[in-house]
Amino acid sequence: MWLDVVTYLHHHGYEQKLPWYRGEEWSYLRGGLTTVDRDYGLFNNIHHDIGTHVIHHLFPQIPHYHLVEATKATKGVLGKYYREPKKSGPIPLHLIKNLVNSLRQDHFVSDHGNIVFYQKDPYLYH
């Protein structure tokens with residue numbers, strides 16, 4: 001369950017809505033840049049620097065023991081396309097808010113369009 005939550009939070013629950021690309025709008029680079037790094041506190045090290053998700057998507061061949069170093073090296077190049085994770089204490093309790101907000105808001109994407117965003121289903125909780 002923990003790894004499901006971690007994976008979900010790398011793709012959802014960011015403060016701004018993240019685009020999803022389809023068709024001609026999708027590229028490997030665009031797909032990788034719509035992921036989010038997270039700070040999981042002491043779990044970062046336990047799970048092989050699991051919070052360095054953007055660089056993992058852009059360069060999956062980088063071994064886990066170089067992900068932090070590679071992330072630091074690419075932040076300047078990525079500029080505004082890199083979303084800096086909120087810093088965590090030892091236990092990443094701050095991520096509960098991101099998870100709950102996403103579960104309340106991110107229900108579906110439109111069937112139409114090549115750049116889409118998650119939307120809320122207004123009938124889900126009725």
Side-chain angles (χ1 to χ4, degrees):
M1 189 169 110
W2 165 252
L3 288 177
D4 287 341
V5 169
V6 166
T7 301
Y8 181 87
L9 285 172
H10 283 303
H11 300 270
H12 303 275
Y14 191 66
E15 290 78 19
Q16 297 104 19
K17 294 281 185 184
L18 299 173
W20 286 78
Y21 301 101
R22 286 188 240 183
E24 293 180 9
E25 292 294 336
W26 186 88
S27 70
Y28 187 83
L29 179 60
R30 276 186 144 180
L33 291 175
T34 58
T35 63
V36 179
D37 280 359
R38 300 283 190 181
D39 184 356
Y40 294 99
L42 64 89
F43 299 105
N44 286 331
N45 294 332
I46 293 171
H47 291 297
H48 304 291
D49 298 311
I50 200 166
T52 54
H53 202 68
V54 174
I55 199 70
H56 162 73
H57 267 269
L58 297 177
F59 304 100
Q61 69 275 23
I62 296 175
H64 70 86
Y65 47 86
H66 286 303
L67 291 174
V68 172
E69 175 186 2
T71 297
K72 287 178 186 175
T74 57
K75 279 185 195 181
V77 174
L78 294 177
K80 69 178 184 174
Y81 298 103
Y82 179 75
R83 296 166 184 90
E84 190 72 37
K86 183 176 179 182
K87 296 300 177 202
S88 176
I91 307 296
L93 297 175
H94 69 287
L95 293 175
I96 294 171
K97 179 181 176 184
N98 296 97
L99 179 62
V100 169
N101 285 341
S102 180
L103 292 173
R104 288 182 179 160
Q105 301 291 324
D106 300 340
H107 300 150
F108 72 96
V109 294
S110 173
D111 289 333
H112 307 287
N114 287 338
I115 302 175
V116 294
F117 296 84
Y118 271 99
Q119 301 174 39
K120 182 177 182 175
D121 181 350
Y123 302 105
L124 184 64
Y125 296 112
H126 285 275

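These figures come from a predicted structure and were not determined experimentally.
Follow the hydrophobic side-chain contacts under 4.5 Å out from Y28 and you never reach I62; the two are in separate clusters. Under the 4.5 Å side-chain heavy-atom criterion for ILVMFWY residues, no single connected hydrophobic cluster contains both L103 and Y123.
Once rounded to the nearest 0.5 Å, the distance linking CG of L3 with NE2 of H47 reads 5.5 Å. Expressed to the nearest 0.5 Å, how far CG of D49 lies from CZ of F43 amounts to 14.5 Å. Annotation: the span from I50 atom CD1 to N45 atom CG amounts to 11.5 Å, rounded to 0.5 Å. L29 CG to L78 CG: the interatomic distance, rounded to the nearest 0.5 Å, is 8.0 Å. The CG atom of N44 lies 11.0 Å from the CG atom of L67; values are rounded to the nearest 0.5 Å.
A70 approaches I55 most closely through the heavy-atom pair CB-CG1, 3.8 Å.
Other residues, nucleotides and ligands contribute at most 12 non-hydrogen atoms within 6.0 Å of the CD atom of E24.
Counting heavy atoms from C-beta on, the side chains of V54 and T74 never come closer than 4.5 Å. Using a 4.5 Å heavy-atom cutoff, the side chains of Y8 and V5 are not in contact. Looking at heavy atoms from C-beta onward, L9 lies in side-chain contact with Y40 at the 4.5 angstrom threshold.
Taking the side chain to side chain donor-acceptor pair (under 3.5 Å) definition, one finds that T71 meets it with nothing, sequence neighbours left out. For K75, the side chain to side chain donor-acceptor pair (under 3.5 Å) test picks out E84, with sequence neighbours left out. Residues meeting the side chain to side chain donor-acceptor pair (under 3.5 Å) test with H53, sequence neighbours left out: H11, H57. Every residue two or more places apart in sequence or in another chain that forms a side-chain contact (heavy atoms from CB on, under 4.5 Å) with R30 is listed here: Y21, E25, S27, I115. For Q119, there are no side chain to side chain donor-acceptor pair (under 3.5 Å) partners at least two apart in sequence or on another chain. Listed by chain and number, the residues in a salt bridge (Lys or Arg N to Asp or Glu O under 4.0 Å) with R104 amount to none (sequence neighbours excluded).
T7 places no side-chain N or O within 3.5 Å of a backbone atom of D4 that could act as its donor or acceptor partner. Between the side chain of R83 and the backbone N or O of L33 there is at least one donor-acceptor pair closer than 3.5 Å.
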Can you give me every donor-acceptor pair (side chain of residues 86-99, partner residue at least two apart or in another chain, under 3.5 Å) with its distance?
residue: N98; atom: ND2; partner: G13; partner atom: O; Å: 2.9

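Side-chain heavy-atom separations under 4.5 angstrom define the hydrophobic clusters, and V77 shares its cluster with no other residue. Clustering of Ile, Leu, Val, Met, Phe, Trp and Tyr by side-chain heavy atoms under 4.5 Å joins L18 with Y14, V36. As a member of the Ile/Leu/Val/Met/Phe/Trp/Tyr network built from side-chain separations under 4.5 Å, V68 groups with nothing else and remains a singleton.
Counting only residues at least two apart or on different chains, the ring pair (Phe, Tyr, Trp, His ring centres under 6.0 Å) pairs with a member in residues 100-120 are H12-Y118, W20-Y118, H107-Y125. Screening residues 63-82 for ring pair (Phe, Tyr, Trp, His ring centres under 6.0 Å) gives H48-H64 as the qualifying pairs, with residues at least two apart or on separate chains.
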